[in-house]
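Notes to accompany the following structure.
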2 protein chains.
Amino acid sequence: MRRSRGRPRQFDSETVLDQAVAAFSVHGYSATSLDELARATGLNRPSLYNAFGDKEALYLQALEHFVSRLRTALADTVVAEADLPTALRKLFLGALAVYFAERPALGCFVFCTAPVEAVAHPAVRALTLGLVEELDALLGARFAAARDAGQLPAHTDPAQMAKLAQATLHTLAIRARAGESRASLERFIEHTVAVLAPVTKASRRRGTSRS
Amino acid sequence: MRRSRGRPRQFDSETVLDQAVAAFSVHGYSATSLDELARATGLNRPSLYNAFGDKEALYLQALEHFVSRLRTALADTVVAEADLPTALRKLFLGALAVYFAERPALGCFVFCTAPVEAVAHPAVRALTLGLVEELDALLGARFAAARDAGQLPAHTDPAQMAKLAQATLHTLAIRARAGESRASLERFIEHTVAVLAPVTKASRRRGTSRS
DNA sequence: TATAAATTATGCGAACTGTTACAAAATTAT
DNA sequence: ATAATTTTGTAACAGTTCGCATAATTTATA
């Protein structure tokens, strides 16, 4: 790997984007100043501009960075886990861990901060809708697979169940940021998993664990 | 009703708050300037200050105004309607009508714009959590009544079903603002009503209509 | 070693932000 | 009528915003 010609960068782009995600998560796009972003990332404003473009471009790249991390996390839970209730439980509890990572809880970076900007910034809107549709598709495929494997009633509509599962993510994000307790949300998750993926006699016979 | 002493106001507070709700709904709290608010309401900035206090106070009163309107709308649907599936359908479709009132769709004023500010402004956070809890309680009572009337299985957990119903509102709000089509959300509503309030043999015999 | 290329740092500036003083206008009470 | 009181409009304030021009620094290449 050849090094580029001029003075080398003194920062790692991924790290900076992580820090930008953290900064934007607190006050959202509009209320986060470039001064704050510079402080949070350790670079100064011209460096931010040189590397990422203007404020909107930086916000968009922070969103994309967050989504790409989310994508890999989903592959490890929703796709990899064979048992549907376990997959859903892992998904929701994993989301909760992210939403409560800071004090106070900040909820989901995309679902709690992007909708506000979606109206004024078409690119933000497209990214948000893109994530929503991607999750619908991923979860839809997961529900379809479970149904085809006989873990769900044959009349189940996988696409609509997927939307209900994503609705759970949305409400968890909003409730966490609004200040609802983590314990309350954990109880809600347990109930919701039971509604979305009722344990059938067959799966009970197979003895699916809850880890 | 005695008139107050000085020069009378040239505006109606309720109307101004409606206009403030509309203005804040577009760009959220931070990105809406007092100039925009003055233009939207027809008053000039000092009048806004005199009548409502600073920007945060105005935003809070706009939120409260919106919630109080919502409260009366809920009384007409969720509480008044005897049949649970019909009540839920009216609730969700009524929400959709509000979320799609403008072009592009703006979603819910509270659930789409307040969460961002909730972290920095404790009063906004309290109001948001207050609305969430109020809806939980209202819907919980509605599900409990339906269960006690034999319209739902005896093992139903009304409080958790209420949270799932509110999750539907949250996802409708986010999806509408992100640009998902109204037709798609109407299909989702139909499916969700069937999941939350399955039509039992008893209610089918009673012949509940869908209007 | 000299040159080109890229990043970093300092600092500036024009525009906009929320907020407040102040005087003019409009109404009620005395 | 005069005084008291409240709202309105103009204007201005101090602080912050984003973005950029410029110069200094660091590296690869010729």
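Chain identifiers are assigned alphabetically (A, B, ...) following the order of the sequence lines, protein sequences preceding nucleic acid strands; residue numbering begins at 1 within each chain.
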query = Between C/dT19, D/dT8, D/dC18, which nucleotide has the shortest distance from any of its atoms to the side chain of B/Lys55?
reply = C/dT19
query = Picking from D/dC20, D/dT7, C/dT19, which would you name as closest to the side chain of B/Asn50?
reply = D/dT7
inquiry  = Rounded to the nearest 0.5 Å, what separates atom NE2 in B/His65 from atom CG in B/Leu60?
reply    =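 Going from the NE2 atom of B/His65 to the CG atom of B/Leu60 covers 14.0 Å.
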query = Hey, is the main chain of A/Ala73 close enough, under 3.5 Å, to the side chain of A/Thr77 for a donor-acceptor pair?
reply =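 Yes.
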query = Any sub-3.5 Å donor-acceptor pair from A/Asn44's side-chain atoms to A/Pro46's backbone N or O?
reply =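 Here the side-chain-to-backbone pair does not exist.
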request  = Please determine if a side-chain N or O atom of B/Ser4 lies less than 4.0 Å away from the OP1 or OP2 oxygen of D/dT6.
outcome  = no
Between [range] and DNA chain C, which residues have a heavy-atom gap below 4.0 Å?
range                     : result
residues 23-37 of chain B : B/Thr32, B/Ser33, B/Leu34, B/Asp35
residues 59-66 of chain A : none
residues 14-22 of chain B : none

Whole Å only: how far is the [atom1] atom of [X] from the [atom2] atom of [N]?
X       : N      : atom1 : atom2 : result
B/Arg9  : D/dG9  : CZ    : P     : 13 Å
A/Phe11 : C/dT7  : CZ    : C1'   : 8 Å
B/Leu48 : D/dG9  : CG    : C1'   : 13 Å
A/Tyr49 : D/dC18 : OH    : P     : 7 Å
A/Leu43 : C/dA9  : CG    : P     : 8 Å

inquiry  = Are the side chains of B/His27 and B/Glu36 in contact, using a 4.5 Å heavy-atom criterion?
reply    =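 SC-SC contact between B/Glu36 and B/His27 confirmed.
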task = Could you run through nucleotides 10-15 of chain D and give me one letter per nucleotide, 5' to 3': B if any protein heavy atom sits under 4.0 Å from the base, S if only the sugar-phosphate is that close, - if neither?
result = B-----
ask   = Please walk me through it: do B/Glu117 and B/Ser30 pass side-chain hydrogen bond (donor to acceptor under 3.5 Å, both in side chains)?
value = CA-CA 8 Å; B/Glu117 310 303 326; B/Ser30 300; 3.3 Å; yes
inquiry  = Take a 6.0 Å sphere around CD of A/Glu102 and say whether it holds more than 12 heavy atoms from other residues, nucleotides or ligands.
reply    =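 Count not over threshold, so no.
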ask   = Is B/Arg5 touching bases, backbone alone, or none of the nucleic acid, heavy atoms closer than 4.0 Å?
value = base
key: Nearest non-hydrogen partners of A/Pro198 and A/Leu152, listed with the distance   =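 Nearest pair, atom of A/Pro198 first, then A/Leu152: CD-CD2, 4.1 Å.
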request  = Give the minimum heavy-atom separation between A/Leu17 and A/Ala62, together with the two atoms involved.
outcome  = CD2-N, 4.0 Å
query = So which one's nearest nucleotide on DNA chain C is more toward 5', B/Gly6 or B/Asp54?
reply =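 Between the two, 5'-proximity favours B/Asp54.
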message = Could you check whether B/Arg69 pairs with B/Asp18 (Lys NZ or Arg NE/NH1/NH2 to Asp/Glu carboxylate O, under 4.0 Å)?
response =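 Looking at B/Arg69 and B/Asp18, the cut-off is met.
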message = Angle between ring planes, A/Phe24 versus A/Tyr29, binned at 30° and 60°: parallel, tilted or perpendicular?
response =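 The arrangement is parallel - the two ring planes meet at less than 30°.
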For residues 126-133 of chain A, which side-chain donor-acceptor pairs fall under 3.5 Å, sequence neighbours excluded?
from	atom 1	to	atom 2	distance (Å)
A/Thr128	OG1	A/Val124	O	2.7

Under 3.5 Å donor-acceptor pairs involving side-chain atoms of residues 168-178 of chain B, not counting sequence neighbours:
from	atom 1	to	atom 2	distance (Å)
B/Thr168	OG1	B/Leu164	O	3.1
B/His170	ND1	A/Thr171	OG1	2.7
B/His170	NE2	B/Gln166	OE1	3.2
B/Thr171	OG1	A/His170	ND1	2.7
B/Thr171	OG1	B/Arg175	NE	2.9
B/Arg175	NH1	A/Asp136	OD2	2.9
B/Arg175	NH1	B/Glu180	OE1	2.8
B/Arg175	NH2	A/Asp136	OD1	3.0
B/Arg177	NE	A/Pro115	O	2.6
B/Arg177	NH1	B/Ser25	O	2.8
B/Arg177	NH1	B/Leu106	O	2.8
B/Arg177	NH2	A/Val116	O	3.1
B/Arg177	NH2	B/Ser25	O	3.2
B/Arg177	NH2	B/Val26	O	2.9

message = What verdict does the ring-ring contact (aromatic ring centres under 6.0 Å, His included) test give for B/Tyr59 and B/His121, after you've listed the backbone C-alpha separation in whole Å, the side-chain angles of each residue and the deciding distance to 0.1 Å?
response = CA-CA 11 Å; B/Tyr59 180 63; B/His121 303 270; 7.8 Å; no
query = What is the base-pairing partner of D/dT25, counting Watson-Crick and G-U wobble geometry with both distances under 3.5 Å?
reply =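 Across all strands, the one nucleotide that pairs with D/dT25 is C/dA6.
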ask   = Under the 3.5 Å rule, do the base of C/dT8 and the side chain of A/Arg7 count as making a donor-acceptor pair?
value =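 No such pair is found, so the answer is no.
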inquiry  = Quick one, A/Ser47 with A/Asn50, criterion side-chain hydrogen bond (donor to acceptor under 3.5 Å, both in side chains). Give me CA distance, side-chain angles, the key distance, then yes/no.
reply    = CA-CA 5 Å; A/Ser47 289; A/Asn50 181 39; over 6 Å; no
